[in-house]
Amino acid sequence: MGGAGAEEELTAQETALYDRQIRVWGVDAQKRLSKAHVLVCGVNGTTIEFCKNIVLAGVGSLSLMDDHIVTQDDLNANFLIPPDESIYGGRSRAEVCCESLKDFNPMVRVAVAKGDPSLIDGEFLDRFDIIVVSCRPLKTKLFINDNCRKRSKHIAFYSIECKDSCGEIFADLQNHSYVQKMPGKEPEQQELTYPSLQEAISVPWKSLPKKTTKLYFAMRVLESFESSEGRNPGETSLSDLPAVLARRKEMCDRMSLNESQIPTVLLERLLAAGKKEHPPVCAILGGILGQEVIKSISCKGDPMKNFFYFDTADGKGVMEDVPPTPAD
């Protein structure tokens, strides 16, 4: 990713500004990062934490796509929106956050990309190396992920959602090569093949390991319910519980999974969350995604494959490989 440009030298200004992180991940990784172009579809508290991290790290450019007008609710988790209606009134989330992000690192090009994510075409996608999607219907995520895979250039796809105290990240790096450092050994070249989002959510549940996090199944039930009702992520409330429990039973019967694997109390929490984001969870998810995108761009270090879950109920972050990689 960012291959041709990676050979160019960093400027003296870049070397001075990024000196500390160059010592951590090396000058080659910083070169790749400075040539990478990122598109974020959906500006909220979680994606803004991610944006802050990659802008400070020195990504080449960042484009924000979100035409929704800022509301009072956006102030709860999005720390980049000033609590002054004379500043944000009548303006889109992307416009307001774009201005603030530019101040974090003047060397990074931050811009607004107007448009509807559900209509993104392939030629537009070719401008980017990384696509991050949040708060968009499953149909839109599948459409963008599928288009990323159809392009001749390598485009990494991520989706990220925060449901108040819970969060999910999905990554599709397609065919990814990276260097893995082994203790006491020479670095080794590794290869990973990723499933698409469609493939990852279509795996028969009975084929998954028993230790698979309950949040994976709960998110699939909620996703299925939202899709069938034509709702956007977060357009739910506790009044939807009876219909969601019926959806759980139907899916568990079809997938031969015990309903106890998807606790009612967990579904209640996800429904009650609606569109609310818990700022500390936003920071955790945005930090993890920033780290993963930097690993993806630099081709250094073990990337996640392919889901990450976080739940404040136990404070654990869990990686899930869905479908599981066959044993050697």
Side-chain angles (χ1 to χ4, degrees), residues 1-38 50 52-62 105 107-108 128-132 148-149 151-158 160 169-196 199-200 209 284-310 316-328:
M1 226 172 296
E7 297 305 316
E8 296 175 20
E9 292 303 316
L10 294 173
T11 65
Q13 190 179 4
E14 286 174 321
T15 303
L17 180 61
Y18 305 127
D19 175 69
R20 184 174 296 179
Q21 59 202 42
I22 287 172
R23 297 183 195 195
V24 175
W25 56 55
V27 69
D28 184 60
Q30 191 65 46
K31 286 180 190 176
R32 289 176 177 271
L33 191 59
S34 70
K35 305 303 175 189
H37 306 291
V38 179
F50 160 71
K52 173 202 70 178
N53 293 333
I54 61 163
V55 166
L56 289 174
V59 73
S61 74
L62 170 66
N105 188 347
M107 296 183 70
V108 175
F128 303 98
D129 304 292
I130 305 282
I131 312 290
V132 174
C148 285
R149 286 180 153 251
R151 308 312 297 166
S152 58
K153 72 172 288 188
H154 187 285
I155 305 173
F157 171 88
Y158 295 87
I160 183 168
I169 300 174
F170 170 79
D172 174 16
L173 307 187
Q174 301 181 43
N175 295 311
H176 182 65
S177 301
Y178 65 99
V179 175
Q180 181 185 50
K181 286 187 176 180
M182 309 293 285
K185 297 181 181 177
E186 287 294 312
E188 292 182 4
Q189 189 78 13
Q190 303 286 338
E191 304 281 338
L192 278 178
T193 300
Y194 283 71
S196 66
E199 291 167 337
I284 290 167
L285 294 172
I288 293 292
L289 183 57
Q291 172 184 293
E292 288 301 320
V293 165
I294 289 170
K295 283 194 283 187
S296 168
I297 293 169
S298 67
C299 299
K300 287 187 176 181
D302 290 306
M304 61 176 266
K305 185 174 185 292
N306 45 9
F307 284 97
F308 172 81
Y309 291 94
F310 182 80
K316 293 178 181 176
V318 179
M319 300 278 187
E320 293 290 0
D321 181 1
V322 182
T325 300
D328 292 333

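Atoms considered below: every heavy atom in the structure, side chains included; atoms not considered: hydrogens, waters and symmetry mates. Positions are given from 1, in the same order as the sequence printed here. Owing to the predicted nature of the structure, the values given are computational and were not obtained by experimental measurement.
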A.B. asks: Does any donor atom in the side chain of E191 or N175 lie under 3.5 Å from an acceptor atom in the other side chain?
C.D. replies: no

A.B. asks: I'd like to check Q189 versus V179 (side-chain heavy atoms, cut-off strictly below 4.5 Å). Are they in contact?
C.D. replies: yes

A.B. asks: Okay, side chain of D129, backbone of H37: is any donor-acceptor separation there less than 3.5 Å?
C.D. replies: yes

A.B. asks: Distance from H176 atom NE2 to T193 atom OG1, nearest 0.5 Å?
C.D. replies: 11.0 Å

A.B. asks: For the pair N53 (side chain) and G286 (backbone), establish whether a donor and an acceptor sit closer than 3.5 Å, ignoring hydrogens and angles.
C.D. replies: yes

A.B. asks: Does the side chain of I169 reach to within under 4.5 Å of the side chain of E292, using non-hydrogen atoms?
C.D. replies: no

A.B. asks: Given L10 and I22, is the side chain to side chain contact (heavy atoms under 4.5 Å, CB included) satisfied, shown in steps?
C.D. replies: CA-CA 11 Å; L10 294 173; I22 287 172; 3.8 Å; yes

A.B. asks: How many angstroms lie between CG in N105 and CG in L62, if you round to the nearest 0.5 Å?
C.D. replies: 11.0 Å

A.B. asks: Can you name the nearest heavy-atom pair linking C299 to R32, along with the distance?
C.D. replies: SG-NH1, 4.4 Å

A.B. asks: Please check: side-chain N/O of D172 versus main-chain N/O of F157, any donor-acceptor pairing under 3.5 Å?
C.D. replies: no

A.B. asks: Could you give the distance from CE (M319) to NZ (K305), rounded to the nearest 0.5 Å?
C.D. replies: 12.5 Å

A.B. asks: Shortest non-hydrogen contact from Q174 to I155?
C.D. replies: NE2-O, 3.0 Å

A.B. asks: Between F310 and F308, does the ring-ring contact (aromatic ring centres under 6.0 Å, His included) criterion hold? Intermediate values first, please.
C.D. replies: CA-CA 7 Å; F310 182 80; F308 172 81; 7.0 Å; no

A.B. asks: How close do G26 and K300 get, counting heavy atoms only, and between which atoms?
C.D. replies: CA-NZ, 4.4 Å

A.B. asks: Do any N or O atoms from the side chain of K295 and from the backbone of D302 form a donor-acceptor pair under 3.5 angstrom?
C.D. replies: yes

A.B. asks: Please check if the side chain of H154 supplies one atom and the backbone of L173 the other of a donor-acceptor pair under 3.5 Å.
C.D. replies: yes

A.B. asks: List the atom of N306, the atom of V322, and the distance in Å for their closest heavy-atom pair.
C.D. replies: ND2-O, 2.7 Å

A.B. asks: I need the I130 CD1 to S296 OG distance, nearest 0.5 Å.
C.D. replies: 4.0 Å

A.B. asks: Please give me the minimum heavy-atom distance between L289 and I160, naming the atom from each residue.
C.D. replies: CD2-CD1, 3.8 Å

A.B. asks: Could you check whether the rings of F170 and F307 sit parallel, tilted or perpendicular, using 30° and 60° as the cut-offs?
C.D. replies: tilted

A.B. asks: Who are the salt bridge (Lys or Arg N to Asp or Glu O under 4.0 Å) partners of K181, not counting sequence neighbours?
C.D. replies: none

A.B. asks: Does the side chain of Q21 pick up a donor-acceptor pair with the side chain of Q30 at under 3.5 Å?
C.D. replies: yes

A.B. asks: List the atom of F128, the atom of K153, and the distance in Å for their closest heavy-atom pair.
C.D. replies: O-NZ, 2.9 Å

A.B. asks: Rounded to the nearest 0.5 Å, how far does OG1 of T11 lie from OH of Y18?
C.D. replies: 8.5 Å

